[in-house]
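Along the sequence shown, residues are numbered consecutively beginning with 1.
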Amino acid sequence: MTTARERVRARQELASRAGAALRVLQLADDPDTSAGDLARAIGTDPLFAARVLRTANAAYYGLSGRVSTLAFAVSVMGFQGVRSLAVMA
């Protein structure tokens, strides 16, 4: 049985994830946004950041090395790729 405190904490986590995804969507649509700006917004949500890094390291992108920073992951995936992940978040 979950307590009221656990329910409140879960709601706060969902709100912060939704906020991070919304910020990423806004930045991805802004032509003045840099990969670093987008990476900072992604970094506010650890689960979303992990998903972006995991996706950027997929064989699909054909890189010989590992993608270990969010800025590089954004460069590899492109703004549209990151935006697609944010829509699914």
Side-chain angles (χ1 to χ4, degrees):
M1 186 100 181
T2 59
T3 66
R5 189 172 299 204
E6 290 170 341
R7 287 187 206 140
V8 168
R9 189 174 304 137
R11 284 187 90 129
Q12 289 171 340
E13 287 177 18
L14 285 175
S16 69
R17 287 189 195 142
L22 180 61
R23 182 71 181 138
V24 167
L25 289 172
Q26 290 170 341
L27 288 172
D29 290 337
D30 183 357
D32 296 328
T33 299
S34 69
D37 295 335
L38 204 52
R40 280 188 290 282
I42 294 166
T44 62
D45 181 358
L47 263 49
F48 186 52
R51 177 178 283 171
V52 168
L53 287 171
R54 185 173 50 246
T55 303
N57 279 300
Y60 174 80
Y61 293 102
L63 298 176
S64 59
R66 300 275 306 156
V67 175
S68 58
T69 66
L70 289 172
F72 187 40
V74 170
S75 297
V76 167
M77 294 177 60
F79 278 36
Q80 192 61 38
V82 172
R83 188 182 193 294
S84 296
L85 286 180
V87 167
M88 294 186 295

Grab the two heavy atoms, one from A56 and one from V67, that are nearest each other, plus how far apart they are.
-> O-CG2, 3.8 Å
Which atom of A41 lies closest to which atom of V24, heavy atoms considered = CB-CG2, 4.0 Å
State yes or no: do F48 and M88 share one hydrophobic cluster built from I, L, V, M, F, W and Y residues joined by side-chain heavy-atom distances below 4.5 Å, directly or via other members?
-> yes
Side chains of L85 and M77 in contact at under 4.5 Å (non-hydrogen atoms) | yes
Scanning both residues in full, the closest heavy-atom pair of A21 with A86 reads CB-O, 3.7 Å
Going only through I, L, V, M, F, W and Y residues with side-chain contacts under 4.5 Å, is there a path from F79 to L63?
-> yes
Just by modelled atom types, is the A20 backbone N or O under 3.5 Å from a matching donor or acceptor in the T44 side chain?
-> no
Output every pair passing salt bridge (charged side-chain N to carboxylate O under 4.0 Å, His left out) with a member in residues 24-40, not counting sequence neighbours, ordered by first then second residue.
-> D29-R83, D37-R40
Do L22 and V52 share a hydrophobic cluster (ILVMFWY, side-chain heavy atoms under 4.5 Å, transitive)?
-> no
Nearest heavy-atom approach of A73 to L53 is CB-CD2, 4.0 Å
Taking only residues at least two apart or on different chains, which pairs with a member in residues 54-68 satisfy side-chain hydrogen bond (donor to acceptor under 3.5 Å, both in side chains)?
-> none
Are L38 and L25 connected, step by step, through hydrophobic side chains (Ile, Leu, Val, Met, Phe, Trp, Tyr) whose heavy atoms are closer than 4.5 Å?
-> no
